[in-house]
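Here is the structure we will look at, set down as structure tokens.
Each chain gets a letter, A, B and so on, in the order its sequence line appears, and its residues count up from 1.
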Amino acid sequence: MTMIRTRFAPSPTGYLHIGGARTALYSWLHTRRHGGRFVLRIEDTDRERSTPEAVNAILEGMAWLGLDYDEGPFYQTERFERYRTHLQTLLDTGQAYYCYCTRERLERVRNEQLARKEKPRYDGRCRDLDGPPSDEVSSEPVVRFRTPLEGHVVVDDAIRSKVQFLNAELDDLIIARGDGSPTYNFTVVVDDLEMGITDVIRGDDHLNNTPRQIHLYEALGAQPPRFAHVPMILGEDGKRLSKRHGSVSVLQYREEGYLPEALLNYLVRLGWSHGDQEVFDVEELIQLFDINEVNHSASTFNPSKLLWLNQQHIMRSEAPHVARHLAPLLAERDVDPGAGPNLETIVRMQQERAKTLVEMADNSLFFYRRPHAYEEKAARKNFKEGTAEILEHCQHRLSGLPEWSAEAIHGVVTEAAETFEVGMGKVAQPIRVAVSGGAVSPPIDQTLELLGRDETVARVEAAVEWLRSQPTG
RNA sequence: GCUCCCAUCGUCUAGCGGUUAGGACGCCGCCCUCUCAAGGCGGAAACAGGGGUUCAAAUCCCCUUGGGAGCGCCA
């Protein structure tokens, strides 16, 4: 078997969204698993809607996800000469012809067909003409491909197996516009052919285009590649996911504190599975993913499961890795990750208590700066009568501790609870509010150890003062 | 309308002729507990409907219904 070559071919009319990312992922995994080469091609022949910003957004999205490509990016707009050459071949061999029909006539034919409840299609008026017809002639003729009238085509799909189309259902598609520029169905075939693509993996919205493309391959004297049409991802309302439809940019997940491998894991499981396994790392996926095992049916995007998977990946990842992704989020919050307790230690303490890195960042801010105020609810619940005394007691014990360790700190807390004859919660919680400003933090002994003695004592003292300054009653 | 695709808990899925239809997310209890989590235990929750084939059908075939996609001088 020759080396596998696949491609991801987005059109730069918007950012990289969930559906595109999954298609790219499936292609990438398939390629990496078989030691092939992955090509990135930007399909920008629609000059009206393609933008450089979109190109950048797509490249950045791919980079963040770690879907690296071996060749490209290639741009279709730079390949017009290639299309022209093949177009001429088809014209020369009579497999394509000029069509002089005006848009108006086409529109009329179409409406008539629709009115008769027929499938709208070109009626073939110019198919067998030697020159322009006598009336309704367009000054800028298009080029149409001469589709066989009889017989059928079979798409042998890796996911859906054989799908048959009757040629009679197809019509003569336009392969070059009036201005001479090539159209989609033609450019993909030429590019996939010239780039030596062996496996075309794409959304199943393209399945209906495939028989036409197979005809084009054959007309150009080439063997079609293997096809794999992956099912669509639907929004929560069951409609196809699209940009105007709940599908956000993959980069938005970065903003929201998702790990790229969590998103990849979520995406791969949407349409593929390996027994009961839910959590995969990328290396495992490369070993296990098989394009032939992808499901047939469309699936619905489920944000809560993605959230859970993100948490799983945060928990299971190495602390330095999480720290790298967390650091920028801290910076966004005006915190210098280098100017405080060790970031990796913070990560280890927070790993199992954050579903997103955003949450982790927010819940870790107190390590870097003192609380400006106490959260009202937390203060109301934990700062009660007698709390000041408990805190003051702890403050003294903590400052007198011979050794600043979690174990020693824990001893202070239990001792205080015994001394005041209260539960641990009556001691730990007020300290927690004192140092963090809120009611949530990692275990109090570890938290204080990491925060450091001076900072801890200062914050507890501040809380005592604050409590004493409050009007009683 | 025509063509193509699809159909197991709310969602993602396992199942590939014989299972008490399994797992996961979410949800609801209970346990653990200094908070939040994590974790453990338990629970509710599905084969769209109808015909065949077969000793036996969630699994194979057909129809119906439902959903999706395509039918551009968009990609």
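Residue A:N208 has its side chain nearest to B:A69 when only B:C2, B:A69, B:A75 are considered. Considering only the side chain of A:H296, B:C6 comes nearest among B:C73, B:C6, B:A69. Closest contact between the side chain of A:L270 and the listed nucleotides B:C73, B:A69, B:C12 involves B:C12.
Between the P atom of B:C4 and the CD atom of A:Q164 lies a distance of 9 Å, rounded to the nearest Å. For A:L264 and B:C12, the CG to C1' distance is 17 Å, given to the nearest whole Å. What separates CG of A:D192 from C1' of B:A75 is a distance of 13 Å, to the nearest Å. Look at CG on A:D171: it is 12 Å from C1' on B:C2, rounded to the nearest Å. The nearest whole Å value for the distance from the CG atom in A:D204 to the P atom in B:C71 is 13 Å.
Map A:N185 and A:P120 each onto its nearest nucleotide of RNA chain B; the residue landing nearer the 5' end is A:P120. Of the two residues near RNA chain B, A:K162 and A:W272, the one whose nearest nucleotide lies more 5' is A:K162.
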* Would you check, one step at a time, whether the test salt bridge (charged side-chain N to carboxylate O under 4.0 Å, His left out) holds for A:R41 with A:E43? => CA-CA 6 Å; A:R41 183 173 72 225; A:E43 310 222 321; 3.0 Å; yes
* To do: Might you work through the side-chain contact (heavy atoms from CB on, under 4.5 Å) test for A:Y217 and A:L193, ending with a clear yes or no?
  => CA-CA 8 Å; A:Y217 276 101; A:L193 187 57; 4.2 Å; yes
* Should A:I201 and A:I291 be marked as a side-chain contact (heavy atoms from CB on, under 4.5 Å) after you check the CA-CA gap, both sets of side-chain angles, and the distance that decides it? -> CA-CA 9 Å; A:I201 297 171; A:I291 191 71; 4.0 Å; yes
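Phosphate proximity of B:A75 to A:T45: present, with a side-chain N or O under 4.0 Å from OP1 or OP2. Using a 4.0 Å cut-off, some side-chain N or O of A:S273 falls inside it from OP1 or OP2 of B:A14. Here A:S50 does not reach the OP1 or OP2 of B:A75: none of its side-chain N or O atoms lies under 4.0 Å away. The side chain of A:N295 contributes no N or O atom lying less than 4.0 Å from OP1 or OP2 of B:C6.
Contacts of A:V142 with the nucleic acid, taken as non-hydrogen atoms under 4.0 Å apart, include base atoms. A:H229 comes within contact range of no nucleotide atom at all, as no heavy-atom separation falls under 4.0 Å. Within the 4.0 angstrom heavy-atom criterion, only backbone atoms of the sugar-phosphate kind lie near A:K117; the bases stay farther away. Within 4.0 Å (heavy atoms only), A:N209 reaches at least one base atom of the nucleic acid. Note on A:R110: only backbone sugar-phosphate atoms sit closer than 4.0 angstrom, heavy atoms only; bases stay farther off. Among the heavy atoms of the strands, none lies under 4.0 Å from A:Y266.
With a 4.5 Å cut-off on side-chain heavy atoms, A:D204 and A:M232 count as touching.
For residues 99-125 of chain A, there are no ring-ring contact (aromatic ring centres under 6.0 Å, His included) pairs, not counting sequence neighbours. Listed by first and then second residue, the side chain to side chain donor-acceptor pair (under 3.5 Å) pairs involving residues 423-432 of chain A are A:Q429-A:R432, A:R432-A:S441 (not counting sequence neighbours).
Taking a pair to require two hydrogen-bonding distances under 3.5 Å in either a Watson-Crick or a G-U wobble arrangement, B:C16 remains unpaired. Nucleotide B:G39 forms a pair with B:C31, judged by Watson-Crick or G-U wobble geometry with both contacts under 3.5 Å. Using Watson-Crick or G-U wobble geometry with both donor-acceptor distances under 3.5 Å, B:G10 finds its partner in B:C25. Pairing for B:U54 is absent, judged as Watson-Crick or G-U wobble with the two contacts each under 3.5 Å. Nucleotide B:C71 forms a pair with B:G1, judged by Watson-Crick or G-U wobble geometry with both contacts under 3.5 Å.
Listed by chain and residue number, A:H274, A:F280, A:E284, A:L288 satisfy the side-chain contact (heavy atoms from CB on, under 4.5 Å) test with A:Q277 (two or more places apart in sequence, or in another chain).
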Counting only pairs under 3.5 Å, give me each side-chain donor-acceptor contact of residues 152-159 of chain A, with atom names and distances, residues two or more places apart or in other chains.
from: A:D156; atom 1: OD2; to: A:K162; atom 2: NZ; distance (Å): 3.3
from: A:D157; atom 1: OD1; to: A:H229; atom 2: N; distance (Å): 3.0
from: A:D157; atom 1: OD1; to: A:H229; atom 2: ND1; distance (Å): 2.7
from: A:D157; atom 1: OD2; to: A:I159; atom 2: N; distance (Å): 2.8
from: A:D157; atom 1: OD2; to: A:R160; atom 2: N; distance (Å): 3.0
from: A:D157; atom 1: OD2; to: A:H229; atom 2: N; distance (Å): 3.3

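A:D44 and A:T77 are linked by a side-chain donor-acceptor pair at a separation below 3.5 angstrom, with hydrogens and angles left out of the test.
Rounded to whole Å, the C1' atom of B:C6 lies 13 Å from the corresponding atom of B:A48. Look at the C1' atom in both B:U8 and B:G66: the space between them is 15 Å, to the nearest Å. To the nearest whole angstrom, the two C1' atoms, one in B:A7 and one in B:G50, are 15 Å apart. For the C1' atoms, the distance from B:U19 to B:A75 is 47 Å, rounded to whole Å. Straight-line distance between the P atoms of B:C9 and B:C5: roughly 22 Å, to the nearest whole Å. When the C1' atom is compared between B:U11 and B:U20, the two are found 25 Å apart, to the nearest whole Å. Rounded to the nearest Å, the gap between the C1' atom of B:A14 and that of B:G23 is 7 Å. Look at the P atom in both B:G49 and B:G42: the space between them is 30 Å, to the nearest Å.
Taking the six-membered ring wherever Trp is involved, the centroid distance between the rings of A:H206 and A:Y184 falls below 6.0 Å. The distance between the ring centers of A:F8 and A:F38 does not fall below 6.0 angstrom.
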What nitrogen or oxygen pairs link the protein and nucleotides 61-66 of chain B at under 3.5 Å?
none

* Once each nucleotide of nucleotides 23-41 of chain B is scored for protein heavy atoms under 4.0 Å, what B/S/- sequence comes out, 5' to 3'? -> BBBS-------BBBBSS--
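Atom CZ in A:F186 sits 9.5 Å away from atom OH in A:Y83 (nearest 0.5 Å).
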